[in-house]
**Q** 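Please read through the structure below; I'll follow up with questions.
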Amino acid sequence: MAANNNSDPILDEGGGGGVKHEAAGEAGEGKGGGGGAAAAAATQAPAAMLPRSGSRPQLDLSGAAIHGNLEDRNPTILLPNQSDDISHLALDIGGSLIKLVYFSRHAEHSSEDKRKLSTKRRLGMLNGGRRSYPVLGGRLHFVKFETGKLSECLDFISSKQLHRGGVDSPSWRSGAQPDNIVIKATGGGAFKYADLFKERLGVSLEKEDEMDCLVAGANFLLKSIRHEAFTHMDGQKEYVQIDQNDLFPFLLVNVGSGVSIIKVDGHGKFQRVSGTNVGGGTYWGLGRLMTKCKSFDELLELSQRGDNSTIDMLVGDIYGGLDYSKIGLSASTIASSFGKTISDDKELSDYRPEDISLSLLRMISYNIGQISYLNALRYGLKRIFFGGFFIRGHAYTMDTISFAVNFWSKGEAKAMFLRHEGFLGALGAFMSYEKHGLDDLRIHHLVERFPMGAPYISWMEKFVQKGTQITAPVPVGFPVTTGMGGFERPTAKGDILRSDASAALNVGVLHLVPTLDVFPLLEDPKMYEPNTIDLDLNEYKYWFKVLSDHLSDLVDKAVASEGGTDDAKRRGDAFAHAFSAHLARLMEEPAAYGKFGLANLLELREECLREFQFVDAYVSIKQRENEASLAVLPDLLMELDSMNEEARLLALIEGVLAANIFDWGSRACIDDFDMFKKRMLADKKGQPYKRALLFVDNSGADVVLGMIPLARELLRNGTEVVLVANSLPALNDVTANELPGIVAEAAKHCGILRKAAEAGGLIFDAMAGIQDDLKDEPVSVPLMVVENGCGSPCIDFRQVSSELAAAAKDADLLILEGMGRSLHTNLNARFKCDTLKLAMVKNQRLAEKLFNGNIYDCICKFEPVHLT
Ligand SMILES: Nc1ncnc2c1ncn2[C@@H]1O[C@H](COP(=O)(O)OP(=O)(O)OP(=O)(O)O)[C@@H](O)[C@H]1O
Ligand SMILES: CC(C)(CO)[C@@H](O)C(=O)NCCC(=O)O
Ligand SMILES: [Mn+2]
């Protein structure tokens with residue numbers, strides 16, 4: 001059988017640039033193959049009815065579309081942009097910046113099709129009411145404006161109608177004037193600008209206490225976002241796993257215009273213990289006066305090229321170049337910030353703005369770090385979280401603060417930073433809306449995405465023009481410490497700081513998905529790590545190249561999948577720019593989006609396609625593959641049925657692996673087949689598996705000639721089979737929407753499949769033209785299809801669909817198939833039931849790295865729970 005017949009167009013080198021049509025035809029010569037490639041009847045739904053996930057959020061398709069079976073009498077019409085009329089917006093109006101957090105919600109797409117309902121009934125999921133989730137599903141967006149440009153902020157709110165619940169809220173569409181809209185607001189501006197909001201937008205600001213909000217926001221982030229907090233030392237960012245049971249007490253330092261220092265003891269339990277008026281406003285204000293910079297970012301950017309030793313008086317300046325080691329001060333330690341400017345008879349204009357900016361930045365950051373440490377010491381606290389927009393994700397600022405904390409506490413206290421640094425107050429204000437129920441959110445309900453702002457077409461054009469600007473490398477300071485208390489000057493990688501437009505690439509949109517669950521069969525969810533290999537810079541470089549090389553091919557496919565129209569081409573262009581921008585961003589800072597693994601990277605690409613409204617780039621390729629494979633299925637089934645049980649099991653597993661290990665000269669790097677066979681055959685007299693979850697991968701030969709025949713064998717043994725497929729398209733992976741159609745087609749050739757599919761609610765009506773193969777033994781166990789909650793070629797078992805979680809409850813066998821789900825992710829994952837991981841390693845580099853093996857080596861890893 002051809003090695004690449006279940007080729008994954010991106011994950012494998014072997015597969016090349018696309019799904020090989022011929023592969024299914026070639027399958028006949030192999031061990032587990034059938035013959036011929038005559039076209040079978042189309043099995044797939046037209047593109048219009050494709051992905052609809054109940055679990056993961058959907059793209060913002062702008063137009064209405066029919067959902068469900070087109071043949072249905074009353075198909076549901078989706079209004080994808082529709083949202084509810086709840087309060088959507090909260091504000092934090094500070095001395096320097098206005099922060100907005102707003103929520104957009106997608107309507108619950110009512111009618112689920114018959115199949116899904118029947119699956120849910122079978123899985124016991126229909127007993128509760130419709131609103132079984134305490135939290136609303138939707139997205140949280142984060143935006144900021146300068147307080148000095150308040151009217152821009154008002155225009156933004158007004159253009160998006162955020163104060164009325166969003167452009168698509170019913171009240172807005174019906175033109176109803178909301179009479180008494182109340183918006184939660186915190187920060188001084190909630191008092192100062194209340195009248196202006198009333199006047200301009202007709203809304204009342206409901207004031208929430210600033211400190212309450214800061215604490216609520218920080219607690220929420222630390223509780224609910226997996227990679228929120230990180231340390232930053234010597235240019236290295238490291239995410240910190242927060243132990244929920246050991247979070248309090250901590251010190252929260254919010255560095256805004258001024259600095260508030262708060263001791264936090266629990267939810268709503270805190271005390272503002274100190275503060276300092278030397279803060280972000282000081283840096284920006286003094287800096288502006290002294291350097292004539294026009295923006296904060298310009299000032300920060302200058303500092304990256306500065307040398308503070310021309311301005312600061314160093315210990316060495318005082319000690320004739322020597323360290324004062326007796327008290328622990330190196331010659332390069334700043335003895336007195338700006339101290340050098342006293343002795344010179346120089347004017348301000350004689351100093352380089354770069355040097356001034358750096359001196360100021362160091363003075364203020366160091367001072368904040370030191371005061372924070374003293375307060376931590378005062379209350380015996382070990383952890384200090386720093387927020388506020390003064391931090392601005394700037395490496396040098398964070399390093400300086402960390403250095404001060406580390407130096408003065410002799411390593412006892414730890415400075416940590418928050419990805420949503422400046423949004424603590426606004427988030428806290430947002431959380432004070434009770435009806436959002438955000439308190440009930442758990443970590444697995446949140447998915448962070450990094451959209452570029454599509455699908456606003458006019459904006460997209462701008463994006464294409466600006467693409468190069470955004471993708472330009474952005475410098476970050478990588479300061480080097482010099483022993484006792486000193487820093488060398490930062491070495492900048494370039495000369496501009498990430499612009500505010502692309503600063504959106506730091507904080508994504510938070511998707512609240514209450515239907516996601518932790519997979520209940522994970523042995524230890526706390527220890528679970530989906531990604532097999534850490535994406536370090538080297539790995540990034542490799543994947544950057546793979547993904548970049550493949551980009552134009554993907555764009556071609558995507559554009560073709562949308563009919564190749566001008567609009568599709570434009571979107572294709574925009575997608576390419578957007579995805580390249582993401583890659584460039586991650587290359588310069590792999591941890592920019594939180595702790596990012598290969599699974600996240602691959603999902604990012606799929607999400608990016610969706611953002612630019614490419615519903616399913618591989619739709620026609622998948623269709624063609626399925627047809628070709630279905631045409632050879634009857635022959636394969638016949639061949640399989642002529643074998644004895646043992647030979648058949650081997651042929652089935654090889655069929656899934658899509659390789660004849662011997663003919664290909666490849667070996668099995670992990671080969672537990674005999675163990676699996678023993679469990680399946682020898683132990684069979686005892687007890688067959690009760691329920692198997694089969695995680696399927698690619699369309700075409702992979703699913704039709706690999707997984708479906710394997711499913712059939714399990715059914716024949718009396719095992720219930722649940723086929724688990726993607727909720728949303730990803731590459732050529734088969735989706736949960738497509739799979740029932742494929743199974744129904746396959747069932748035309750096989751009584752076992754047909755009976756099981758009927759029992760599982762996959763087939764309702766007696767099908768015309770069915771070939772009733774009476775040789776098949778009768779089975780009554782059902783065959784079901786459930787969605788996995790993902791739109792990625794990989795799977796993260798911490799966040800799966802509630803359907804899958806329900807199906808897992810009675811499962812005693814998992815079969816994970818394909819590189820994405822059983823190699824790139826989950827190779828080392830342990831489950832509470834027997835697990836079979838099947839994959840062919842279609843990537844030389846990975847084969848070497850993981851197994852010291854070769855491309856086309858195979859993995860058949862069986863992990864029984866009771867090794868007896
Ligand atoms: N684009 C920007 N414009 C102005 N200041 C910025 C910008 N980006 C970062 N900053 C820094 O962030 C600081 C403001 O941070 P933040 O928004 O957390 O405080 P604030 O809420 O405005 O102030 P306060 O809480 O004291 O009222 C500024 O003083 C400046 O140092
Ligand atoms: C006045 C606030 C709380 C406004 O956000 C802030 O700017 C601040 O904490 N300033 C420092 C004031 C002080 O404690 O000295
Ligand atoms: Mn503030």
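Residue indices begin at 1 and follow the sequence shown. Counting starts at 1 for both ligands and their atoms, in listed order. Quick caveat, the model's predicted, so the values are computed rather than measured.
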**Q** What atoms of ligand 1 come closer than 4.0 angstrom to any heavy atom of G280?
**A** 29 (O), 30 (C), 31 (O)
**Q** Any salt bridge linking D155 with K149? Criterion: basic side-chain nitrogen under 4.0 Å from a carboxylate oxygen.
**A** no
**Q** Might you work through the salt bridge (charged side-chain N to carboxylate O under 4.0 Å, His left out) test for D297 and R392, ending with a clear yes or no?
**A** CA-CA 9 Å; D297 284 2; R392 212 200 165 308; 2.6 Å; yes
**Q** OH of Y351 to CZ of F338: how many Å apart, nearest 0.5 Å?
**A** 10.0 Å
**Q** Keeping to residues at least two apart or across chains, list the salt bridge (Lys or Arg N to Asp or Glu O under 4.0 Å) pairs with something in residues 255-279.
**A** K263-D265
**Q** What atoms of ligand 1 come closer than 4.0 angstrom to any heavy atom of G388?
**A** 18 (O)
**Q** Go through ligand 1 atom by atom and flag the ones less than 4.0 Å from a non-hydrogen atom of G281.
**A** 29 (O)
**Q** Check each heavy atom of F296 against ligand 1 and say whether those closer than 4.0 Å belong to the side chain, the backbone, both or neither.
**A** side chain
**Q** Under a 4.0 Å N-O cut-off, is there an ion pair linking R362 with D312?
**A** no
**Q** Give a yes or no answer on whether the side chain of K99 reaches the backbone of F142 with a donor-acceptor pair at less than 3.5 Å.
**A** no
**Q** Run through M416, K237, K595, E238 and flag the one making a side chain to side chain contact (heavy atoms under 4.5 Å, CB included) with F230.
**A** K237
**Q** Please could you name the atoms of ligand 1 that K99 approaches to less than 4.0 Å, counting only its heavy atoms?
**A** 16 (P), 17 (O), 19 (O), 20 (P), 21 (O), 22 (O)
**Q** Strictly under 6.0 Å, is that where the ring centroids of H232 and F417 end up?
**A** no
**Q** Taking only residues two or more places apart in sequence or in another chain, which ones pass salt bridge (Lys or Arg N to Asp or Glu O under 4.0 Å) with K382?
**A** E412
**Q** For E210, take its heavy atoms, then give the atoms of ligand 1 lying under 4.0 Å from any of them.
**A** 25 (O)
**Q** Test: salt bridge (Lys or Arg N to Asp or Glu O under 4.0 Å). Region: residues 207-220. Which pairs qualify, not counting sequence neighbours?
**A** K184-E208
**Q** Where is the tightest heavy-atom contact between S357 and L299, given as atom of each residue plus distance?
**A** OG-O, 2.7 Å
**Q** For atom 23 (O) of ligand 1, which candidate among S257, G188, G189 provides the closest heavy atom?
**A** S257
**Q** Residues around ligand 2, heavy atom under 4.0 Å from any ligand atom, sorted by chain and number. Can you pull those?
**A** E210, M211, G258, V259, S260, R272, G275, T276, N277
**Q** Of the listed options (G94, G258, G148, G422), which comes nearest to atom 26 (O) of ligand 1 when hydrogens are ignored and any heavy atom counts?
**A** G258
**Q** Taking distance alone, with N or O pairs closer than 3.5 Å, would you say K144 contacts ligand 1?
**A** no
**Q** Which atoms of ligand 1 sit under 4.0 Å from any heavy atom of F390?
**A** 11 (C), 12 (O), 13 (C), 15 (O), 31 (O)
